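Okay, so here's the structure we're looking at.
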Amino acid sequence: MIRVGVNGYGTIGKRVADAVEAQPDMEIIGVAKTQPNFEAHTAVKRGYPMYAAIPERAPLFAEAGIELAGEVDELVAEADVIVDCTPSGIGAKNRELYETHHTPAIFQGGEDADVADVSFNARSNYAAARDADYVRVVSCNTTGLSRIIAPLEEEYGVEKVRATLVRRGGDPGQNSRGPINDILPNPIKVPSHHGPDVKTIFPDLEIDTLGLKVPATLMHVHALNVTLEDDVTGAHVRQLLEGEDRIYVIPEGLGIDGAGKLKDLALDAERPRGDLWENCVWGESIGVNGRDLYLFQAIHQESDVIPENVDAIRAMFELEDQKTSMELTDRKLGVGI
Ligand code: NAD
């Protein structure tokens, strides 16, 4: 049983904790938080021992009626692995703490690639994390792109990827983010930094990306053009993508015309927090012109990286091979619509 600590119990951290707890070969031994907000109370209700991420703030937890199991230093010392889910940039600062205790760690996509020995996507480079002490699970967008590029590369060969990423302005709880009434080329500089991030998973890939930000919180939407090395048919690509467990090809006729209805689908299915762990590819959008493939996919930024964190733990500790780990993670989480 791998003993896992989560440092940073926010949007990603709380989901990682629940996903780890659902697995038979790993358990949460504690979570570290900076403040006793509503998420801290959720953690307590779920039975996760609470550690103070900032020792001077420990009294705030007592005042809020939350009993602390200790300070983050103790959690790091006790854990077999820490999943660092702190905001972008803090993970890199925390690496020294993990090194001091010789505790391996998984970082998230908000960190630069050099925070870890390897950038990770379970479908694309599972084996690269074998035996690594520091692994970075790539961002929500890079995870979404990698999951679709991997099967295309294996089946047809990929000459070039061009992707336009229409990004949500912020997560539902991030009420200080925006825009609230604008459409921003973001970053304005093209191509955007997302392409180079995908190349941390596929070093030899030709890829250009463009980014925008829009007044939405639900999901990102990608408009994708992939030039393949072989002529293909849309039907063949569709069959290929339908065979991927972490890709949901949205059938025609369901009336799902946007991210809002996808989120409703997840809530109707009583998925935890309305999460959509899969890339959601509109079947109707899969179009082919010679070697050029086009499609739209929606990515639930809050949850698509969650199964990847679980697989990263198994890969680092060499618990299972890629296929077994991904299948187990998916079964225990309920991935697959
Ligand atoms: P978040 O702000 O929702 O959660 C971060 C948590 O860490 C908060 O609870 C915060 O209080 C806590 N924290 C702050 N400083 C800390 C410290 N020094 N020690 C311990 N905890 C601290 O952020 P998030 O959205 O969960 O993002 C976490 C990481 O995941 C980032 O690298 C981000 O880029 C990445 N990521 C986010 C998303 C997303 O859409 N939210 C998607 C994929 C990856």
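The first residue of the sequence shown is numbered 1, and numbering continues consecutively from there. For ligands, and for the atoms within them, numbers begin at 1 and follow the listed sequence. This is a predicted model, so every value here is computed, not measured.
- Of the candidates Gly109, Gly170, Cys140, the one placing a heavy atom closest to atom 43 (C) of ligand 1 is Cys140.
- Between Asp171 and ligand 1, at least one N/O pair is under 3.5 Å apart.
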Side chains of residues 329-337: which donor-acceptor partners sit under 3.5 Å, not counting sequence neighbours?
from: Thr329; atom 1: OG1; to: Asp311; atom 2: OD1; distance (Å): 2.7
from: Thr329; atom 1: OG1; to: Arg314; atom 2: NH1; distance (Å): 2.8
from: Thr329; atom 1: OG1; to: Ser325; atom 2: O; distance (Å): 2.8
from: Asp330; atom 1: OD1; to: Arg246; atom 2: NE; distance (Å): 2.9
from: Asp330; atom 1: OD1; to: Arg246; atom 2: NH2; distance (Å): 2.9
from: Asp330; atom 1: OD2; to: Arg246; atom 2: NE; distance (Å): 3.3

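- At a heavy-atom distance under 4.0 Å, atoms from both the backbone and the side chain of Thr86 approach ligand 1.
- Among the atoms of Asn94, none of the N or O lies under 3.5 angstrom from an N or O of ligand 1.
- Taking each of Asp304, Ile12, Thr34 in turn, the one with a heavy atom nearest to atom 10 (C) of ligand 1 proves to be Thr34.
- Looking at Tyr9 against ligand 1, only its backbone comes within 4.0 Å, counting heavy atoms.
- Salt bridge status for Arg238 with Glu284: absent, with no side-chain N to carboxylate O gap under 4.0 Å.
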Distance-only donor-acceptor hits, side chain of residues 45-64, under 3.5 Å, sequence neighbours excluded:
from: Arg46; atom 1: NH1; to: Asp18; atom 2: OD2; distance (Å): 2.4
from: Tyr48; atom 1: OH; to: Asp18; atom 2: OD1; distance (Å): 2.6
from: Arg57; atom 1: NH1; to: Thr34; atom 2: O; distance (Å): 3.3

Where do Asp321 and Arg130 land on the salt bridge (Lys or Arg N to Asp or Glu O under 4.0 Å) test, with the steps shown first? CA-CA 10 Å; Asp321 62 29; Arg130 266 202 203 128; over 6 Å; no
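- Scanning the protein for heavy atoms near atom 14 (C) of ligand 1, the closest one is Pro87 CD, 3.3 Å.
- Across the listed options Val72, Asn7, Val6, Asn7 owns the non-hydrogen atom lying nearest to atom 20 (C) of ligand 1.
- Between Glu302 and Arg273, none of the side-chain N atoms (NZ, or NE/NH1/NH2) sits under 4.0 Å from a carboxylate O, so this pair counts as no salt bridge.
- In this structure, the separation between CZ on Arg123 and CD1 on Ile201 is 12.5 Å, given to the nearest 0.5 Å.
- There is no protein heavy atom less than 4.0 angstrom from atom 23 (O) of ligand 1.
- Remark: side-chain polar atoms of Gln174 are paired, donor with acceptor, to backbone N or O of Asp171 under 3.5 angstrom.
- Taking 4.0 Å as the cut-off between side-chain N and carboxylate O, Arg291 and Glu159 count as a salt-bridged pair.
- In terms of polar-atom proximity, defined here as any N/O pair under 3.5 Å, Glu302 makes no such contact with ligand 1.
- In this structure, the protein non-hydrogen atom closest to atom 9 (O) of ligand 1 is Lys33 NZ, 3.2 Å.
- Given atom 18 (N) of ligand 1, the protein heavy atom at minimum distance is Ile90 CG2, 3.4 Å.
- Of the protein's non-hydrogen atoms, Gly10 CA, 3.3 Å is the one closest to atom 4 (O) of ligand 1.
- From Tyr98, atom OH reaches atom CD1 of Ile106 across 11.0 Å, with rounding to the nearest 0.5 Å.
- The number of heavy-atom neighbours closer than 6.0 Å to CG of Asp230, taken from other residues, nucleotides and ligands shown, is above 12.
- An N or O contact shorter than 3.5 Å links Thr11 to ligand 1 by distance.
- Geometrically, ligand 1 and Arg168 share a nitrogen or oxygen pair separated by less than 3.5 Å.
- Scanning all protein heavy atoms for the shortest distance to atom 42 (C) of ligand 1 gives Gln301 O, 3.0 Å.
- Distances from atom 32 (O) of ligand 1 to the heavy atoms of Cys85, Gly110, Ala53 show the closest one on Gly110.
- Classification of Arg3 and Glu78 as a salt-bridged pair holds, one side-chain N sitting under 4.0 Å from a carboxylate O.
- Ionic pairing of Arg136 and Asp197 is present here: one or more N-O contacts between side-chain nitrogen and carboxylate oxygen are shorter than 4.0 angstrom.
- The closest approach between any non-hydrogen atom of Gln174 and ligand 1 is not below 4.0 Å.
- Inclusion of Gly13 in the set of residues having an N or O under 3.5 Å from an N or O of ligand 1 is not warranted.
- When the heavy atoms of Gln108, Glu39, Lys93 are ranked by distance to atom 30 (O) of ligand 1, first place goes to Gln108.
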